[in-house]
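First up is the structure itself, then whatever we jot down about it.
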Amino acid sequence: MTDGSIDTPPSPPRAPGEHRFPCEQCGADYRFDPEKGELVCDHCGHVEEIAQAGPWQATIRELDFKSAITGDLDAEEVEETRVLQCPNCGAQVEFDEATHARECPFCATPVVTGTGTHRHIKPKGVLPFSLDERAARKAMTDWLGRLWFAPNGLQDYARKGRKMQGIYVPYWTFDADTKSSYRGERGTVYYETRTVMRDGKRQQVQVQKVRWRAVSGRVARFFDDVLVLASRTLPKHYTDALEPWDLSALEPYRPEFLAGFRAEGYQVELGEGFVEARAKMDKVIARDVRFDIGGDRQRIHDIDTSLSDVTFKHILLPVWLAAYKYRGETYRFVVNGRTGRVQGERPWSAWKIAIAVILGLIVAGAVGYFIAMNDGAV
């Protein structure tokens, strides 16, 4: 989204990975409460409202793509955070300075190596959690309960096990103004009557034909917030299935929204992310071209697209995550922190499948027996 807003003054520096806010009454850490939309102290119960963004903070400012690729972004748009990298799945998760070992929230592997810093483009927007951990767990267990042949033990473990992890997952969004010229053909369907021989008789049939005519033209489209996952940690088909995200509800980035949660550092660099965004744009442009060609059929020979005013932003989207080690296997489940939509590894129960097969064979045998008896009675 291009905004045309005034430039924002520099943000105050923050410690790497620091998303902790002391309670003004007891000194314990606040956490962001998705249900209340406020900071809450679990120790004494004190509630602190999140200050409203000032006029210069109210709009999420897009950044120029070309400047970022050439390394000409303002220094205030870049920061360093302390991360631990999981040796198993490669996740890079932010931690505070006092943390030296922790279990990876993505795959339940103890993270004891890879301590370092991650220099990256600052997030510009955040979509705050609106579901708390209890609501996310219920969504996950309900989803597991609807799966045929899921092991009961895993369902019970998920229902009674440790808390889910609230993770902010990194994404890129891209805006671009596009103008495309194309060459192709428009097909018009018509029918010819032919006489054919069938079973020794002459019959008339309608045969479909297509008349093609060369066409050319131009289409234009402005793309707003083309979304690209900037993480490699979770299978992409899981995170894609969590869509749609209500990006109109994005808030300007403020660390208060991350209090009590983790944020994953992006692994897909900006240029690589734009390659995927461009592929998404090209699919939409091809659809526009087919619509513009019209007719009954379309052939596209060539599309030449020019892009201008390409901008981007780094945003964080909320995901509740559960990673369980069950009978030697790791099962991961992700829940959209806004809608409660669930995706995850599909667990199977061998004994449930075996019982179903046996019951199926019994039913098939009974049906066959009754059919045989009826045939014999006739």
Side-chain angles (χ1 to χ4, degrees), residues 143 146-150 174 176-229 235-245 274-307 336 339 341-346 348 352-353 356-378:
W143 180 79
R146 291 192 297 268
L147 295 179
W148 285 80
F149 307 125
F174 295 92
D177 198 16
T178 66
K179 293 179 174 60
S180 305
S181 58
Y182 68 85
R183 294 182 304 104
E185 293 179 88
R186 177 190 296 122
T188 302
V189 174
Y190 67 97
Y191 293 88
E192 289 183 351
T193 301
R194 291 186 179 180
T195 301
V196 298
M197 295 293 295
R198 287 183 180 172
D199 299 326
K201 298 180 180 180
R202 292 179 179 272
Q203 295 183 0
Q204 290 186 331
V205 297
Q206 296 290 310
V207 178
Q208 187 184 88
K209 297 282 188 176
V210 180
R211 184 178 294 109
W212 294 99
R213 182 169 65 87
V215 295
S216 61
R218 295 178 62 86
V219 296
R221 177 180 284 269
F222 176 73
F223 287 92
D224 182 30
D225 283 348
V226 178
L227 190 65
V228 174
L229 176 67
K236 193 173 182 303
H237 61 277
Y238 289 174
T239 51
D240 286 350
L242 295 182
E243 298 181 12
W245 295 94
F274 182 69
V275 171
E276 182 177 339
R278 179 64 192 270
K280 290 184 175 183
M281 294 179 196
D282 286 344
K283 287 183 180 180
V284 176
I285 291 170
R287 185 190 66 192
D288 290 346
V289 167
R290 291 185 182 279
F291 183 81
D292 197 62
I293 290 175
D296 302 311
R297 302 282 192 275
Q298 301 85 33
R299 288 175 176 167
I300 300 174
H301 297 318
D302 179 67
I303 300 177
D304 184 17
T305 299
S306 62
L307 288 82
N336 184 313
T339 66
R341 188 177 180 89
V342 183
Q343 289 294 313
E345 264 97 1
R346 174 60 167 96
W348 299 95
K352 282 187 178 182
I353 295 173
V357 170
I358 293 170
L359 289 176
L361 292 173
I362 292 173
V363 170
V367 171
Y369 173 77
F370 283 112
I371 291 175
M373 290 293 292
N374 288 335
D375 288 345
V378 173

Exercise for review: Look only at the side chain of Arg341 and the backbone of Ala241, and say whether a donor-acceptor pair between them is shorter than 3.5 Å.
Suggested key: yes
Practice item. Can you see which heavy atom on His301 is nearest to which on Gly184, and at what distance? Key: CD2-CA, 3.7 Å
**Study point:** Test item: side-chain donor near acceptor, Gln206 and Thr193, under 3.5 Å
**Key:** yes
Practice item. Using the side chain to side chain contact (heavy atoms under 4.5 Å, CB included) rule, take Gln208 and Val189 through it: C-alpha gap first, then chi angles, then the decisive distance, then the call. Key: CA-CA 7 Å; Gln208 187 184 88; Val189 174; 3.5 Å; yes
Check your understanding: Is a donor on one side and an acceptor on the other found under 3.5 Å between the side chain of Arg221 and the backbone of Ile285?
Key -> no
Review point. Short question: side chain of Gln298, backbone of Gly294 - any donor-acceptor pair under 3.5 Å?
Key: yes
Point to revise | From Glu276 atom CD to Leu229 atom CG, the distance as rounded to the nearest 0.5 Å | key: 7.5 Å
**Study point:** From CA spacing to verdict: side chain to side chain contact (heavy atoms under 4.5 Å, CB included), Gln204, Arg194
**Key:** CA-CA 5 Å; Gln204 290 186 331; Arg194 291 186 179 180; over 6 Å; no
Exercise for review: Count the heavy atoms belonging to other residues, nucleotides or ligands that lie under 6.0 Å from CZ of Phe291, then report whether that count exceeds 12.
Suggested key: no
Study note, to complete from the structure: Exactly one candidate in Leu307, Thr305, Asp304, Asp282 meets side chain to side chain contact (heavy atoms under 4.5 Å, CB included) with Ser180; the answer is Thr305
Revision key, fill the gap. What one should report as the nearest heavy-atom pair of Trp212 and Glu185 is CB-OE1, 3.5 Å
Review point. Does the ring pair (Phe, Tyr, Trp, His ring centres under 6.0 Å) test come out yes or no for Phe274 and Phe174, once each step is laid out?
Key: CA-CA 7 Å; Phe274 182 69; Phe174 295 92; 5.4 Å; yes
Review point. Within the distance-only criterion (no hydrogens, no angle test), does the side chain of Arg186 pair as donor or acceptor with the backbone N or O of Ile293 below 3.5 angstrom?
Key: yes
Point to revise | Check: Val228 main-chain N/O paired with Lys280 side-chain donor or acceptor under 3.5 Å | key: no
Point to revise | With Tyr182, the side chain to side chain donor-acceptor pair (under 3.5 Å) member among Asp292, Asp288, Asp302 | key: Asp292
